[in-house]
Every structure is written in C-alpha cells, then in structure tokens.
K.L.:
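There's a structure below that I have some questions on.
Letters go in sequence order (proteins before strands), and every chain restarts at 1.
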There are 2 protein chains.
Amino acid sequence: MKNRLKILRAENDMTQAQLADETGVSRQTINAIEKGKFDPSLPLAFRFARLFKLSIEEIFQDEEA
Amino acid sequence: MKNRLKILRAENDMTQAQLADETGVSRQTINAIEKGKFDPSLPLAFRFARLFKLSIEEIFQDEEA
DNA sequence: TTAATATGTCAAGTTTTATTTACATTTTAT
DNA sequence: ATAAAATGTAAATAAAACTTGACATATTAA
C-alpha cells in the first residue's frame, strides 16, 4: 500500500512528530507507515483523511491485483 | 465505525459466505465487521470498495469526535 | 413440516499492526 | 563546526484483526 503522507506533511509543513501528535499515535508509527512497514488501522486512516481534508483513496493507494 | 455492508450485500444478492469468499476472509469475519465487533484492516476495506465499486467512505462511516 | 441455507455468537488461537524504548543517522540552524 | 531538530531503525511487547471450530437460531425451499 502506497501513501502520500510524506508529501502531505511537506505541503502542510508538519513534522512526523506533529502528525503523530495530531492523530494520536507515536512518531515511530508515522515513520513506519510512511516507509511502508505496515498499513494504518482503518480508524487511523480516517483520522489522516479528516486532518488533510482528503478521501482515504487520495492518501492511500491500493496495489492489489 | 458504522458500515453499509449488510445493505450492499442485499443490493447485490450476496450471502456473508459469498462476500467472505470474494474478499478472502472467513464468514465470521464478515459477520463480526457487519455487527461492529471490529473494523476491517485497510487492505480489506479497499477490497470491499473495489468489489462494490464504491469509495471506502461510502461503505464505512467514521464516528469519532 | 422437514431439510437446507443463512445468520449470530463464542472461545481459543494465530497473525498482523501499534506502541514503547532506545539509539543511530541526517538535516537544519546558529 | 557545533548543537538542535528531524528522521530512520530495531527489538520487545501490547493490542487488534482474523481464523477455526463449534453450536444455536432464524429464514427459505421442497
């Protein structure tokens, strides 16, 4: 699963720590998601979408067959 | 997290077992998600969206503050 | 009415994701 | 060049998703 979190942080001038704080997870969790180590839970995906005022599909791109 | 899976199944004349089969999870997982026992993983949410040709937001409704 | 199909639920176990802690590296600012 | 801030990473643990198997109830069909 690809995602645009790093770009969205840049557009909004946010650090990983700030995004972590705003979405209620650890900085390391943000880093791991950005690096594709794992996917966020659906509730966390909704929090990203709400924060950036985008749809989940605009932030995360499925890569399944 | 609310969802419209039961309605979407009805509209598409599918059983829980069929939906489970099409999305690669167990029937009990479908039942548990429909009944709100837990949320699907983000990849599974994408599979539902792709199957029903809807956005994730059209299937799942966040209920956070 | 009986059998078959579909749904609801529960407990136990496995797998995956989230969190914590801790430290290393890189980038930015002074 | 140095300090501070930001990012990357890894191991251990906790939490959540998901499976399996079993059984009860409800709905549908013969």
K.L.:
Take the protein atom CD1 of I7(A) and the nucleotide atom P of dT7(D), then report the distance between them rounded to whole Å.
P.N.:
14 Å

K.L.:
Consider side-chain hydrogen bond (donor to acceptor under 3.5 Å, both in side chains). Of K6(B), R9(B), R4(B), which one does E34(B) pass it with?
P.N.:
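Going through K6(B), R9(B), R4(B) one by one, the side-chain hydrogen bond (donor to acceptor under 3.5 Å, both in side chains) with E34(B) is satisfied by R9(B) alone.
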
K.L.:
Please name the pair of heavy atoms, one in D39(A) and one in P43(B), separated by the smallest distance, quoted to 0.1 Å.
P.N.:
OD2-CG, 3.3 Å

K.L.:
N12(A) has an atom CG; how far is it from atom P of dA6(D), in whole Å?
P.N.:
16 Å

K.L.:
Take nucleotides 4-18 of chain C nucleotide by nucleotide from the 5' end and write B, S or -, depending on whether a protein heavy atom sits under 4.0 Å from the base, only from the sugar-phosphate, or from neither.
P.N.:
--SBBBB------SB

K.L.:
Do L54(B) and I7(B) sit in one hydrophobic cluster, given that two such residues count as connected whenever their side-chain heavy atoms are within less than 4.5 Å of each other, even indirectly?
P.N.:
no

K.L.:
In whole angstroms, how far is the C1' atom of dT28(D) from the CG atom of D13(B)?
P.N.:
13 Å

K.L.:
Roughly how far, to the nearest 0.5 Å, is OG1 of T23(A) from CZ of R50(A)?
P.N.:
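If we round to the nearest 0.5 Å, R50(A):CZ and T23(A):OG1 are 12.5 Å apart.
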
K.L.:
Measure the shortest side-chain to side-chain distance between F46(A) and L42(B) over non-hydrogen atoms and say whether it is less than 4.5 angstrom.
P.N.:
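No; the side chains remain at least 4.5 Å from each other.
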
